[in-house]
Amino acid sequence: MFTQISRQLLDWYQIHARNLPWRKEESAPYAVLVSEIMLQQTRVETVIPYYQRWMERFPTLESLAQASLEEVLRYWEGLGYYSRAKNLHRTAQILVQTYRGEFPQHVEHLRKLPGIGDYTAAAIASIAFGQKVAAIDGNVRRVLSRLFLISEPLSLPETQKKLKSLAVQCLPAEQVGDYNQALMDLGALICLPRSPKCLQCPLSVLCRAYQNNQQNDIPVKAKKKSLPSVIVTAAIIRKGDTVLLAKRPLGSLLGGLWEFPGGKVEHDERLPECLKREILEELGVRIEVGNHFGTYHHAYTHFKVTLHAFEAIIQDSQIPHPIEAEEIRWIPIPSLDKFPMGKIDRLIARELVERKDGHGKFMV
DNA sequence: GACACGTGGTC
DNA sequence: TGACCAAGTGT
């Protein structure tokens, strides 16, 4: 049974493997590292253009290790989960400094590097170094839970153990990297979360879920909670051709990215009052709130936000200070695109550039 | 073990 | 519109 699975899968992969940029380069460890980190919780189609730009700018471990975090984040902007970029940058520096630029080949060592967990360690070890280890991601969980008709919720630790044990037993003696990628490609192309294409599946004869017509009921997943909503305000404070930006603290949401300063509306608070309070708390200066600039909606993983942006001026030539921010800076509007930002702030920045000849109340 | 951590696409 | 999903990791 186990031997049949890996044989069928490897045969299928020979014909149907996706032609992905990081599979062209003889699986150089650095290419595998970069692609695997980018692919965490992120679709292949999203990753491809980012991967290509990244490899042009940071073609080697050394080039990445030497780059500034600021530039690294700028290249990562839009991919989300920005701690991945910080960890990847840090990992490159560790590999250069303490491993002399050589990748460790075993999971236990890879696992210790920042941003590399169980899945990624196994993926690198198997794809780049041919180690016989199981790389278990969301695709693999789905494929194996159907193949072996695992009816218990995937969230349970017991189920995870069972899955891991089965995954290890399925491993072929050779071509483990191809086998792991085959399993993931099967999950991405055939064994889809909804409406799996069982008629095209090389494993359908062996699949217990399909044989019992339960492929649509498995895997069993826990329900997700609905997302809370918050309302926030942000200030567009100009001085000449520049605008005031704050760098978010590392380790927080969008950590290390730049934003228009502001914060959450408290219960029953009016928007201008919120903004005045937030700017006083964050920058230590009193402002006058001017024109409404725009309203933006965005959904993060664990909450939804509505952001109201206003133009504002600082009273009496007071000097703002970074009280809660990592750093603050007056940025020339044409240079805004050099600073890494999250989705909403990038939208505001772009509108600012486009509206540079607009007629805001406080335009200089 | 639960929760924080982004974004874009789909139904 | 809203819920769910997509190659997980760190705390």
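Just so it is clear: chains get the letters A, B, ... in the order the sequence lines come, proteins before strands, and each one is counted from 1. Since we're looking at a predicted model, the values are computed, not measured. Just so it is clear, the values below take in all heavy atoms, side chains as well, and ignore hydrogens, waters and symmetry mates.
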When rounded to the nearest Å, what value does the distance between [atom1] atoms of [N] and [M] take?
N       : M      : atom1 : result
dG10(C) : dG8(B) : P     : 24 Å
dC4(C)  : dC3(B) : P     : 15 Å
dT9(C)  : dG9(B) : C1'   : 23 Å
dG8(C)  : dG1(B) : C1'   : 16 Å

Among [options], which is the nearest nucleotide to the side chain of [X]?
X         : options                 : value
Leu20(A)  : dA4(B), dA7(C), dG6(B)  : dA7(C)
Tyr300(A) : dA7(C), dA3(C), dG6(B)  : dG6(B)
Lys343(A) : dC11(B), dG8(B), dA7(C) : dG8(B)

For residues 242-257 of chain A, please give each side-chain donor-acceptor pair under 3.5 Å, one per line with the distance, not counting sequence neighbours.
| residue | atom | partner | partner atom | Å |
| --- | --- | --- | --- | --- |
| Thr242(A) | OG1 | Lys239(A) | O | 2.6 |
| Lys247(A) | NZ | Glu70(A) | OE1 | 3.4 |
| Arg248(A) | NE | Leu253(A) | O | 2.6 |
| Arg248(A) | NH1 | Glu259(A) | OE1 | 2.9 |
| Arg248(A) | NH2 | Leu253(A) | O | 2.9 |
| Ser252(A) | OG | Pro249(A) | O | 2.6 |

Regarding [X], tell me which of base, sugar-phosphate or nothing describes its non-hydrogen contacts under 4.0 Å with the strands shown.
X         : value
Ala135(A) : nothing
Val140(A) : nothing
Ile37(A)  : nothing
Gly342(A) : sugar-phosphate
Thr46(A)  : nothing
Ser35(A)  : nothing

Within residues 71-82 of chain A, residues whose heavy atoms come under 4.0 Å of DNA chain B |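 DNA chain B contact set from residues 71-82 of chain A: Gly78(A), Leu79(A), Gly80(A), Tyr81(A), Tyr82(A).
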Should Tyr99(A) and Val96(A) be regarded as members of a common hydrophobic cluster, given that ILVMFWY residues are connected when their side-chain heavy atoms come within less than 4.5 Å of each other, either directly or indirectly?
->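 Tyr99(A) clusters together with Val96(A).
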Closer than 4.0 Å, any side-chain N/O of [X] to the OP1 or OP2 of [N]?
X         : N      : value
Arg18(A)  : dA7(C) : no
His302(A) : dA4(B) : no
Ser83(A)  : dT9(C) : no
Gln40(A)  : dG8(C) : no
His298(A) : dT7(B) : yes

Point to revise | Shared-cluster residues of Val220(A), by chain and number - hydrophobic side chains joined below 4.5 Å | key: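 None; Val220(A) is a cluster of one.
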Between the base of dG8(B) and the side chain of Thr42(A), is there a donor-acceptor distance below 3.5 Å?
->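 Looking at the base of dG8(B), it does not pair with any donor or acceptor on the side chain of Thr42(A) (distance under 3.5 Å).
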Are the aromatic ring centres of Trp22(A) and Tyr51(A) under 6.0 angstrom apart?
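Yes, close enough.
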Task: Which residues share a ring pair (Phe, Tyr, Trp, His ring centres under 6.0 Å) with His109(A), sequence neighbours left out - done: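 His109(A) satisfies ring pair (Phe, Tyr, Trp, His ring centres under 6.0 Å) with no other residue.
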Could you say whether Leu227(A) or Glu36(A) is positioned toward the 5' end of DNA chain C, judged by the nucleotide with the nearest heavy atom to each?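 Closer to the 5' end of DNA chain C: Leu227(A).
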Please table the atom pairs, donor to acceptor, closer than 3.5 Å between any side-chain atom in residues 185-199 of chain A and protein atoms at least two apart or in another chain.
| residue | atom | partner | partner atom | Å |
| --- | --- | --- | --- | --- |
| Asp185(A) | OD1 | Arg18(A) | NE | 3.3 |
| Asp185(A) | OD1 | Arg18(A) | NH2 | 2.9 |
| Asp185(A) | OD1 | Arg23(A) | NH2 | 3.0 |
| Asp185(A) | OD2 | Arg18(A) | N | 3.1 |
| Asp185(A) | OD2 | Arg23(A) | NH1 | 2.9 |

message: Once side-chain hydrogen bond (donor to acceptor under 3.5 Å, both in side chains) is applied, what residue pairs with a partner in residues 327-346 of chain A remain, sequence neighbours excluded?
response: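 side-chain hydrogen bond (donor to acceptor under 3.5 Å, both in side chains) check on residues 327-346 of chain A returns Glu77(A)-Arg346(A).
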### Query
Relative to Tyr210(A), does Arg208(A) satisfy both conditions: NZ or CZ under 6.0 angstrom from the six-membered ring centre, and within 45 degrees of the ring's axis?
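No.
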